[in-house]
Every structure is written in structure tokens, then in C-alpha cells.
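Below is one structure, written out as C-alpha cells; the observations come after it.
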Amino acid sequence: MTTESQAAERLAFLAAEIARHNALYHGEDAPEISDADYDALMRENNALEAEFPHLVRADSPSKLVGAAPSGHLAKVAHAQPMLSLDNAFADEDVVDFVGRVRRYLSLGADAPVALTAEPKIDGLSCSLRYEKGVLVLAATRGDGTTGEDVTANVRTIDDIPERLSGGDLLSSPPDIFEIRGEVYMAKADFAALNARLLAEAEDPAKARQFANPRNAAAGSLRQKDPGVTASRPLRFLAHGWGEVSSLPADTQKGVMDAIAAWGVPVSDDFVRVEGAEQALSHYRAIEAKRADLPFDIDGVVYKVDRLDWQKRLGFVARAPRWAIAHKFPAEKAQTLLKDIDIQVGRTGKLTPVARLEPVTVGGVVVTNATLHNADEIGRLGVHPGDRVVVQRAGDVIPQIVENLSRDETRDPWPFPQTCPECGSAAEREPGEVDYRCTGGLICPAQRVERLRHFVSRYALDIEGLGLTHIESFFRDGLVQSPADIFRLTRDTLLTRERWAEISAGNLIAAIDAKRNPPLDRFLFALGIRHVGEVTARDLARRYRSWDALKAMIDRAIEARDAAIQAVGEPDEKFATRTAKELAAIVETPGVGPEVALALVDFFAEPHNADAVADLLSQLQPADVIHETRASEVSGKTVVFTGTLETMSRDEAKAQAEALGAKVAGSVSAKTDLVVAGPGAGSKLKKATDLGIAVTDEAGWAKIVADAQ
Ligand SMILES: [Zn+2]
């Protein structure tokens, strides 16, 4: 029996966890869990929401479709949203689906319902817009409402015609027709691509390798450079449509036949069936040949064939009532959990990995499985020596889904409190699922990443010291910590391959030029968790000098060590309370408990303290001289929008800050002034709606000029 508070807590966890997996899956194309596990999280979420409807969160995953589009490609709003499908896992779910369709349409209990059935390809959804038969736009699904413009990349895919073939007059394409389908990579092409990337890599250990065909397809399609996409063997299969000016038929089957006639591939296994029974037999037929298909599929999709019925059925929340995806079960096997190892990632995240007695799951030998985090270990109640059920879906890292040796009387497996790589304390912040190593500056697992960050553009910005040099200096033991960078000499460099008088001299000069970094850059360069550029600057402005800042941090460390947990106070509550007290000591606008805690954790870790002391023997952070000029915007919040013609955004921001104003990225009731250049859109409209003062670039220049 779930209590209300347990449900609320679990829903909060699920919202965060599902959002994280969405980002990994859609944004970074690097999923951590199988689709089956993802579906299980979604199902748990939806079941809890059904049971406790008043606890449905504003950020509920049931309201979202995938993740927001990421990165560098231009965004495109879909003329019609690209939605996802509800899932069926058991035969009964399919029978229920057909029953619901009949009830919704008030058909008799035995009324025939024709469906289409087709394999569900594991690819990347894409919308292809044809106007007068010519491809004008291709977009990924993104979050369902806004996708990414991949037109140039899609033009390199052979399956996708530039121009739809006209056919006879009856079937010639309408003026506007958006074809939707999956961009995918065939299994054989995927294997060949990974082999090629491996062969081409300078260092095979660092070769880019895709985890599965889906990732390879997504990574290949979402390239900035269409030339890269062209070199990747992508394919396309249509499964539906978006905005259309007219339809060539009145059934799903009829329209799909027309799409095929126009020259866009449709699955060979696309059929029309009568009712649930025939749908299920088609499902079994496809399941039987699944392994022999040239591409990965994860189920069969059924759609109501009659389009007038589809229209009446409409949508519920994020999915159509007239379609359902019948997923294949994930493949499972039993084995022995031999040991639990902890892996430390580049960002210090500790991930438990199950070492397994080798077992074959769906034709692949599995020896490791991820356990995700301490919560997952607790949920499964696993200990080394237990018998477990391992599941593998697609080529995603296998999961442990069940513990056959579950024994509630045992204590949970003790998650390590120190980093196995460097021995620093491992900390878990309130509300976080992951433990992290706090030995950022000295942890070998994190060092190269930290060093790279230390010299990066917005940190110390050491010219000519890129990742390649950092890695080679680190590998050869020349640079182990940030301080070592300042110990490099011209002579040392000259003993190394490919360094000459001039290049060595230049690098040493570039390093020497950074022996007095501004305090904010110094702080940011340390790579303290949650201390980004903005926070580093806020702290530097508040404390002005390293000595003052360090004195405050020492006081905070003392306070943390002196904090006493009240009798009966839950750990989580105590941690939250302590973090709040630390934030009061840090006493800097914009620095909350989370950041305060991260700051204290970092400097309280002796390894880091040593590394910082060592660094301070080599350089001296420059005090912040923070002068602001009085102006009419001092203490106010300004938003810049539209195109600025006489200055860059960065410059505008610096000007505002020099006048003591705060620059915000979006317009809200707290905004005092909006500076709008040509092309200003929604922000300008919002400002007008809210009655906020608006000026143009010339008006802004006058404010700057008038400042004292
Ligand atoms: Zn470590």
C-alpha cells in the first residue's frame, strides 16, 4: 500500500529520473537504460498518477514527448505535433485497445475493426515536408512540438527522394504533404560503420563507437556537417504523415500505398488486418523473423485503418487513441552476481557495475550489467553471490531486473563512501541519486577532464594548451595537477617530440601570462561542482580577494563540522538544514544551499585543499576591482532581445553590468527594461503585454553615455 507522501516522493524521483533518461536518449544519444526499463519507469509513473491524480506534477513525464531538441541545429516548429504512441505489452492490451476503439465509436461488440500492422523500427523519427512534390524541409521530432532542421542532412539519404514521383493524375502528390517515418541504420551497416571508425581512429582506445544502430542513426543524422551524414549509410521508412493539404485516400492503408507509389519506402511487412486476433498473429509472424530482419525493431504498431474513425477517435494527452505500439518482451536470463565494482566517470560520478557469471542473453554473452546507483542496489536488495535475472534489450547496456536471492533480513549492500580511484570522500547531495567523488583535482578518473577545464576558454584560458597537449603531458607524468602546468619549462618541452624553440617559448609565455588570473576565473577553473562562470563571478564580486573568500570558506567548513543532527532528525532533513546554514554563511546573492554545500565539500576534501595550496604557490589570483557607474538602470534587471547592430550580446551584457544592472535571459514581471533590436519577437511582445519599459539600441547607448 503506497501512502500519499511515498507516492509524491516517488513521483518526484520518477520525474527527475525520466527527464534525465530523456536527455541521455534524445539529447546525447547515449542511453543508459534499455527501452524496456524506460517503459517500466513510465508505466510506474502513470500508474501512480492514476492512483493519485491530485499529485500529478507540473513537470510530469506523462505530459512530455521525448526531450527538448539539443544543440547546434536550427529549431523548427512542427506544423502538426509529432506525438508518440501508447504501448501495449501483453496480448490483452491489444484486445483492450480494439475494445476501446469500438466503445468510443459506439460500434457493436463484434463490429469489424480493420487495423494496419507494421514493424516498429528502432530509429529516429523524422518529418519530411514536400511542397508541390519537392522536399523543402526535414525535421527531427525533438520534443514533439519543436524539432531540429536536418534538411541538408536528409538530402544525402538515398531512400528519401528530392521530388516525389508523380504517378498518374489520381495519385499525384498534394500541394503540401508531410511524410513521417524513421531514419534508421541497418544492422550490417552499423557494424561496418563501427569497424570503419575504429580503423580510422588514431588511437583505437579512443575511437568513437556507437552503442547500437539507433544511436548511430541519430548521431549521423544530427550532424552540423551534411558531409558527415552523407558518409553514413542511413535509410528511411515512412509510417505516417503530418500536415497535408489533401489526402489521396480515406484509409491508412490507402495513404501509405500512395506514399510508396510516390517513391518513399514503406515497410515490406505493412499489412491490413481484421481485428485483434489477426493483428496478434501478424505480431507473432514478425517476432519470429525479428532476428533475421536487416534492422532492429522493438515491436509492432497497429493503427485504425479508417481515417474518418481516426479523426473521431482523436488524441488523449500525448498519444492518438487510434494507434498503439505492441512492444516485444525484452530478453532475459538468470546468472550469478559475482561482484559489484564501482566505476568513476569523468565528472566524478560513481556508477556501480555488476560483474556477472557469463550468460547468453538473446544471443549475446553478457558479463557486466549496470546497477545505476545506490538506490537501485537498495531496490533490488542485491549482494555479491546472489542469483539475478539479467535483461538485454537492443544493444543497450544489460540491466539486472530481478534478484532471485532477495532476503529482506540482510542489511543493504554498503555503497562505498570513498572513491575507489583516489580515496577521496564520495558525497551524495540531498535529492540526488548519484554519489560523486569530491577529489576533483586529484582523482585520476577526473584529472584529465579537470585539467582541460582548468585551461579552457572561460577558465584560465591558456592559449595553445589544448586537450591533445594536456593528454600527452598527463600520460607522460609531466602534468598531474593544475600547479604542474606552471612548472613546465621551455627546456622540458624541447626534450619532447614536435616542440621547437618558438612553439615551446610561446606556450611558456602563454602560461606565464596567466599567473595573476582574475579571482572569478580562478574559482571557475577549479571545476567545483555547481560553481559555473556566473556563480564564480558572484562569489568573486562578493568577496573581492582570495583571502577574504578563503576565510569565509574556512568558517563554513567549521560550521559544517560542528553541525549536530537532532535526535530523530532524518538524514535528508539534517543535510538540507545544514546546507541552508552554509548558504547563510556564504551570504552571496544567487548562491543557494546546493552551491554552498558543493563549495564546502570541495575545499574540505584534504586532497583538493593540498592541490589548491600547491597551485597558490605558482599563481596569485587578482582581486576583483568592481566598480559600477551609477545610472538609471543601477540595481535593475535588463533583458536584451533581437539583433544588436552596434555591439555583441557579450558587450551589451558587460555594459549593463558595469552600470550595476542585472542581465536576464527572459522577460518576467521582475524585468525593468527591455532593449529590443530588429527582429525582436516573443520577448518584446511579452514586455509590451506586461507593461515593461522598452527601448532600442540608440536608447540604450544614451543610458550608457548618461551614466556617471
Ligand atoms: Zn576520486
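Values below: every heavy atom of this structure, side chains too, minus hydrogens, waters and symmetry copies.
Note that OH of Y435 is 8.5 Å distant from CG of D375, once rounded to the nearest 0.5 Å. With rounding to the nearest 0.5 angstrom, the CD atom of E605 is 9.0 Å from the CG atom of D601. Here the CZ atom belonging to F454 is positioned 5.5 Å from the CD1 atom belonging to I485, to the nearest 0.5 angstrom. Note that the NE2 atom of H469 and the CG atom of L478 stand 12.0 Å from one another [nearest 0.5 Å]. We find the CG-CD1 distance between L41 and I18 to be 5.0 Å, quoted to the nearest 0.5 Å. From L350, atom CG reaches atom CD of E421 across 9.0 Å, with rounding to the nearest 0.5 Å.
Here the side chain of Q223 pairs a donor or acceptor atom with the backbone of G219 at under 3.5 angstrom. Between the side chain of D520 and the backbone N or O of A540 there is no donor-acceptor pair closer than 3.5 Å. The backbone N or O of K327 sits nowhere less than 3.5 Å from a side-chain atom of K120 that would complete a donor-acceptor pair. A side-chain donor-acceptor contact under 3.5 Å links Q480 to the backbone of F474. With hydrogens and angles disregarded, no donor-acceptor distance shorter than 3.5 Å links the side chain of D122 to the backbone of D298. Side-chain N or O atoms of H372 include none that pairs as donor or acceptor with a backbone N or O of I377 at under 3.5 Å. Remark: the backbone N or O of I470 is not paired with any side-chain donor or acceptor of R452 at under 3.5 angstrom. Side chain of R560 to backbone of L582: no donor-acceptor contact under 3.5 angstrom is found. Panel note: side chain S405, backbone R387; a donor-acceptor pair is recorded below 3.5 Å. Looking at H383, its side chain does come within 3.5 Å of a backbone N or O of D411 through a donor-acceptor pair.
Proximity of S424 to I442: side-chain heavy atoms (C-beta onward) are separated by under 4.5 Å at one or more points. At a threshold of 4.5 Å between non-hydrogen side-chain atoms, the residues S481 and H607 do not count as touching. Side-chain contact between I528 and T535 is absent, with no heavy atoms from C-beta onward closer than 4.5 Å. Within the 4.5 Å cutoff, the side chain of V612 has heavy atoms near those of the W546 side chain. Within the 4.5 Å cutoff, side-chain heavy atoms of F486 are placed close to those of I511. Under the 4.5 Å side-chain criterion, counting only non-hydrogen atoms from C-beta, R141 is in contact with S84. In this structure the side chain of L451 reaches within 4.5 angstrom of the side chain of P482, judged on heavy atoms. When side chains are defined from C-beta on, R214 does not count as touching Y184, because their heavy atoms never get closer than 4.5 Å.
Between K332 and E402 no salt bridge is recorded (no basic side-chain N to carboxylate O distance below 4.0 Å). Taking the charged nitrogens against the carboxylate oxygens, K550 and D554 do have a contact shorter than 4.0 Å, which makes a salt bridge.
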For this session: Applying side-chain contact (heavy atoms from CB on, under 4.5 Å), run through V586 and L539 and close with a yes or a no.
Result: CA-CA 8 Å; V586 177; L539 285 165; 3.7 Å; yes
For this session: Determine, step by step, whether R487 and D614 satisfy the side-chain contact (heavy atoms from CB on, under 4.5 Å) criterion, reporting the C-alpha distance in whole Å, the side-chain angles of both residues, the deciding distance to 0.1 Å, and the verdict.
Result: CA-CA 11 Å; R487 296 193 185 97; D614 189 18; 2.2 Å; yes
For this session: Carefully, step by step, assess R555 and E558 under the rule salt bridge (charged side-chain N to carboxylate O under 4.0 Å, His left out).
Result: CA-CA 5 Å; R555 284 202 309 281; E558 257 174 56; over 6 Å; no
For this session: Just do the side-chain contact (heavy atoms from CB on, under 4.5 Å) check on D296 and K187 with the steps written out, would you?
Result: CA-CA 7 Å; D296 278 343; K187 292 183 209 169; 3.3 Å; yes
For this session: Check the pair D484, Q618 against side chain to side chain donor-acceptor pair (under 3.5 Å), reporting the backbone distance first and the verdict last.
Result: CA-CA 9 Å; D484 291 340; Q618 298 295 322; over 6 Å; no
Exercise. Given the rule in the salt bridge (charged side-chain N to carboxylate O under 4.0 Å, His left out) test, do E581 and R577 qualify, once you have shown the distances and angles that lead to the verdict?
Worked result: CA-CA 6 Å; E581 287 168 15; R577 179 170 64 83; 3.2 Å; yes
Exercise. Could you walk me through whether L337 and L356 pass the side-chain contact (heavy atoms from CB on, under 4.5 Å) check?
Worked result: CA-CA 5 Å; L337 170 61; L356 305 168; 4.2 Å; yes
Exercise. Where do N45 and E49 land on the side chain to side chain donor-acceptor pair (under 3.5 Å) test, with the steps shown first?
Worked result: CA-CA 6 Å; N45 182 78; E49 288 184 345; 3.3 Å; yes
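In terms of heavy atoms, R521 sits closest to R457 at NH1-O, 3.0 Å. When all heavy atoms of M552 and I585 are compared, the closest pair comes out as CG-O, 3.8 Å. E569 and I564 make their closest contact through OE1-O, 4.5 Å (heavy atoms, listed as atom of the first residue, atom of the second, distance). Across L336 and G385, no two heavy atoms sit closer than the pair CD1-O, 3.4 Å. Between T438 and A425, the shortest heavy-atom contact is OG1-O, 2.8 Å. Pairing each heavy atom of M185 with each of S220, the nearest pair is CE-OG, 3.7 Å.
Counting heavy atoms of neighbouring residues, nucleotides and ligands inside a 6.0 Å radius, atom CD of Q565 exceeds 12 of them.
For D386, the salt bridge (charged side-chain N to carboxylate O under 4.0 Å, His left out) partners are R410, not counting sequence neighbours.
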With a 3.5 Å cut-off and sequence neighbours excluded, list the donor-acceptor pairs that the side chains of residues 413-420 form with protein atoms.
unit_1, atom_1, unit_2, atom_2, d
Q417, NE2, F415, O, 2.9

